S.K.: 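Handing you a structure now.
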Amino acid sequence: HVEVQVIGDNFGNIVHVGMRDCTPQRRYQKIIEEALPTELSEEMTQRVLASALALTSSINYNNAGTVEFLVDKDRDEFYFMEVNTRIQVEHPVSEEVSGLDLVSEQIKVAFGAKLSFSQESINFTGHTIECRITAEDPNDDFFPSPGDIEVFEAPKGEGVRVDTHCYAGYTVSPYYDSLLAKLIVSGRDRGDAIDKTKAALAAFKVEGIETNIPFLSFLIDRPEFRSGDIHIKWIENELMPAFQNRAQ
């Protein structure tokens, strides 16, 4: 599952801000997102990017948004899914590898300004991984975990960013979106980003409720994830059974 970040203005300018890989999913809900994808060929990457730009240009798109695709690497084909006409949860990975502030740019475009950058001016560097930290118990089939957060200590350090509304004393109600925080970690390449994400997850302390941090720590260190040899049903079909059997 890949998606292309796009943004356009009211003057006919539209650019892409790279592609994201959102393949690790549970029940079709994204858990980890990355930029830029490393498992696609350059030829496939360019075809997907060109398709996203052709689609959005044809409708004079003038907002930030995401064009989503499924890729079948065995057949060397990709298939259009949908356009999300908004900023998405995973937009920080695109910001980190491009150095752009997409939220700020979206607001400016909405007020009628021209894009402040061109396609040619965007330079991508490094690799970024985002983990969605949720109030769910992975040891109980991801059952919701409302309650009072007693300890909330987010990791810090070079290349580590945490977007969150939580704090010690915050109450997670039973009427909630399970997302507590987004852990965004950047490295010089994918291997470095994975290693830094592993360390950041180990340093992320949330007490008083259950979270999916243990599951994310298990996922990030799996050889299948490190090699990129995964698919959209990998978590449900392979990873969750392995996680449940890890102590046996």
Side-chain angles (χ1 to χ4, degrees), residues 1-5 18-49 66 68-79 81 88-90 92-94 96-98 124-134 138-139 142 155 157-161 182-204 212-248:
H1 183 161
V2 299
E3 55 190 34
V4 180
Q5 176 70 58
M19 192 189 304
R20 300 186 286 258
D21 188 326
C22 306
T23 302
Q25 302 175 16
R26 189 182 74 86
R27 297 178 180 173
Y28 302 109
Q29 295 298 307
K30 301 165 187 172
I31 293 179
I32 287 182
E33 302 95 1
E34 304 183 58
L36 302 163
T38 59
E39 298 305 313
L40 297 186
S41 68
E42 180 62 23
E43 187 267 343
M44 172 64 79
T45 297
Q46 293 306 317
R47 285 167 57 196
V48 174
L49 292 173
T66 306
E68 305 203 19
F69 302 88
L70 290 178
V71 175
D72 186 334
K73 292 195 290 185
D74 293 336
R75 297 181 180 180
D76 195 34
E77 292 290 349
F78 65 96
Y79 306 93
M81 289 179 60
Q88 289 187 268
V89 171
E90 57 269 30
V93 296
S94 298
E96 293 300 319
V97 296
S98 67
F124 298 105
T125 57
H127 191 91
T128 301
I129 297 172
E130 175 180 290
C131 297
R132 300 192 187 196
I133 310 299
T134 59
N139 292 305
F142 292 87
E158 183 179 358
V160 177
R161 165 181 168 181
K182 300 184 294 185
L183 171 64
I184 305 113
V185 181
S186 300
R188 61 180 180 275
D189 54 32
R190 188 170 186 267
D192 185 45
I194 289 175
D195 290 341
K196 291 174 70 174
T197 300
K198 180 180 176 180
L201 285 167
F204 210 135
N212 68 335
I213 291 175
F215 183 75
L216 291 168
S217 297
F218 183 76
L219 184 158
I220 206 78
D221 207 30
R222 294 291 291 182
E224 308 96 303
F225 179 78
R226 285 183 173 267
S227 69
D229 185 23
I230 60 174
H231 50 84
I232 57 174
K233 299 291 288 184
W234 170 66
I235 286 179
E236 289 168 279
N237 292 352
E238 302 173 41
L239 188 67
M240 287 178 65
F243 179 78
Q244 292 164 354
N245 295 329
R246 69 194 187 283
Q248 297 181 6

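These figures come from a predicted structure and were not determined experimentally.
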S.K.: So, for Phe243 and Pro214, which heavy atoms are closest and what is the spacing to 0.1 Å?
M.R.: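 Distance-wise, the nearest heavy atoms are CE1-O, 3.9 Å.
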S.K.: I'd like to check the side-chain contact (heavy atoms from CB on, under 4.5 Å) partners of Ser41; sequence neighbours left out, ordered by chain and number.
M.R.: Glu43, Met44
S.K.: Closest heavy-atom contact between Ala35 and Val97?
M.R.: O-CG1, 3.4 Å
S.K.: Sequence neighbours excluded, which residues qualify as side-chain contact (heavy atoms from CB on, under 4.5 Å) partners of Ser186?
M.R.: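 So Ser186 forms a side-chain contact (heavy atoms from CB on, under 4.5 Å) with Glu96, Thr128.
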S.K.: Partners of Glu33 by side chain to side chain donor-acceptor pair (under 3.5 Å), sequence neighbours excluded?
M.R.: Arg132
S.K.: List, one per line, each side-chain donor-acceptor pair under 3.5 Å for residues 215-229, sequence neighbours excluded.
M.R.:
unit_1: Ser217; atom_1: OG; unit_2: Ile213; atom_2: O; d: 3.1
unit_1: Asp221; atom_1: OD1; unit_2: Arg226; atom_2: NH2; d: 3.4
unit_1: Asp221; atom_1: OD2; unit_2: Lys198; atom_2: NZ; d: 3.3
unit_1: Arg222; atom_1: NE; unit_2: Glu224; atom_2: OE1; d: 3.4
unit_1: Arg222; atom_1: NH2; unit_2: Glu224; atom_2: OE2; d: 3.4
unit_1: Arg226; atom_1: NH1; unit_2: Asp195; atom_2: OD1; d: 3.3
unit_1: Arg226; atom_1: NH2; unit_2: Asp195; atom_2: OD1; d: 2.9
unit_1: Ser227; atom_1: OG; unit_2: Pro223; atom_2: O; d: 3.2
unit_1: Ser227; atom_1: OG; unit_2: Glu224; atom_2: O; d: 3.1
unit_1: Ser227; atom_1: OG; unit_2: Asp229; atom_2: N; d: 3.3

S.K.: Identify the two heavy atoms, one from Met19 and one from Val2, that lie closest to each other, and give their separation to 0.1 Å.
M.R.: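 For Met19 versus Val2, the nearest heavy atoms are SD-CB, 3.7 Å.
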S.K.: For Gln29, give me all partners under side chain to side chain donor-acceptor pair (under 3.5 Å), at least two apart in sequence or on another chain.
M.R.: none
S.K.: If I take atom CD from residue Gln244 and atom CG from residue Leu239, how far apart are they, to the nearest 0.5 angstrom?
M.R.: 9.5 Å
S.K.: With sequence neighbours excluded, what pairs up with Thr197 under the side chain to side chain donor-acceptor pair (under 3.5 Å) test?
M.R.: none
S.K.: Should Ile230 and Pro24 count as side-chain neighbours, where that means a heavy-atom distance under 4.5 Å?
M.R.: yes
S.K.: Using the side-chain contact (heavy atoms from CB on, under 4.5 Å) criterion, which residues pair with Lys196? Sequence neighbours excluded.
M.R.: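 Only Val185, Asp192 meet the side-chain contact (heavy atoms from CB on, under 4.5 Å) criterion with Lys196.
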S.K.: Could you report the tightest heavy-atom contact between Val89 and Lys182, atom names first, then the distance?
M.R.: O-NZ, 2.9 Å
S.K.: Is there a donor-acceptor pair under 3.5 Å between the side chain of His127 and the backbone N or O of Leu36?
M.R.: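 Confirmed, His127 side chain pairs with Leu36 backbone.
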S.K.: Quick one: CG on Asn212 to CG on Asn139, what's the gap to the nearest 0.5 Å?
M.R.: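 So the CG of Asn212 and the CG of Asn139 are separated by 11.0 Å.
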S.K.: Which donor-acceptor pairs under 3.5 Å do side chains of residues 71-78 form with protein atoms, sequence neighbours excluded?
M.R.:
unit_1: Asp72; atom_1: OD1; unit_2: Asp74; atom_2: N; d: 3.1
unit_1: Asp72; atom_1: OD1; unit_2: Arg75; atom_2: N; d: 3.2

S.K.: Go through the steps to decide whether Val4 and Phe69 satisfy the test side chain to side chain contact (heavy atoms under 4.5 Å, CB included), and finish with yes or no.
M.R.: CA-CA 8 Å; Val4 180; Phe69 302 88; 4.1 Å; yes
S.K.: What is the distance from atom CD1 of Ile32 to atom CD of Glu90, rounded to the nearest 0.5 Å?
M.R.: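 Those atoms lie 12.5 Å apart.
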S.K.: Rounded to the nearest 0.5 Å, what's the gap from CZ on Arg20 to CD on Gln5? Could you check?
M.R.: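 Answer for the CZ-CD pair, Arg20 versus Gln5, is 4.5 Å.
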S.K.: Does Glu68 have any side chain to side chain donor-acceptor pair (under 3.5 Å) partners at least two apart in sequence or in another chain, and if so, which?
M.R.: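 Side chain to side chain donor-acceptor pair (under 3.5 Å) check on Glu68 returns His1, Lys30, Asn84, Gln88.
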S.K.: Output all residues satisfying salt bridge (Lys or Arg N to Asp or Glu O under 4.0 Å) with Glu39, sequence neighbours left out; order by chain, then residue number.
M.R.: none
S.K.: If you compare all heavy atoms of Glu34 against all heavy atoms of Arg190, which two are closest, and at what distance to 0.1 Å?
M.R.: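 Heavy atoms only, the tightest pair is OE1-NE, 2.8 Å.
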S.K.: Taking the side chain as C-beta and beyond, is there a heavy-atom pair between Ile235 and Met240 under 4.5 Å?
M.R.: yes
S.K.: Is the shortest heavy-atom distance from the side chain of Trp234 to the side chain of Gln25 under 4.5 Å?
M.R.: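 Trp234 does not reach Gln25 side chain to side chain.
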S.K.: Please say whether more than 12 non-hydrogen atoms of neighbouring residues, nucleotides or ligands are located less than 6.0 Å from OH in Tyr28.
M.R.: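 12 or below, so no.
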S.K.: Applying side-chain contact (heavy atoms from CB on, under 4.5 Å), can you list everything that pairs with Pro155, at least two apart in sequence or on another chain?
M.R.: Val160, Val162, Leu183, Ala200, Ala203, Phe204
S.K.: Minimum heavy-atom separation for Gly187 to Ala193, with atom names?
M.R.: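 What the structure gives for the nearest pair is N-CB, 3.9 Å.
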S.K.: Checking Glu3 against Met81 for the side chain to side chain contact (heavy atoms under 4.5 Å, CB included) test, could you report, in this order, the C-alpha distance in whole Å, the side-chain angles of both residues, the deciding distance, and whether it holds?
M.R.: CA-CA 9 Å; Glu3 55 190 34; Met81 289 179 60; over 6 Å; no
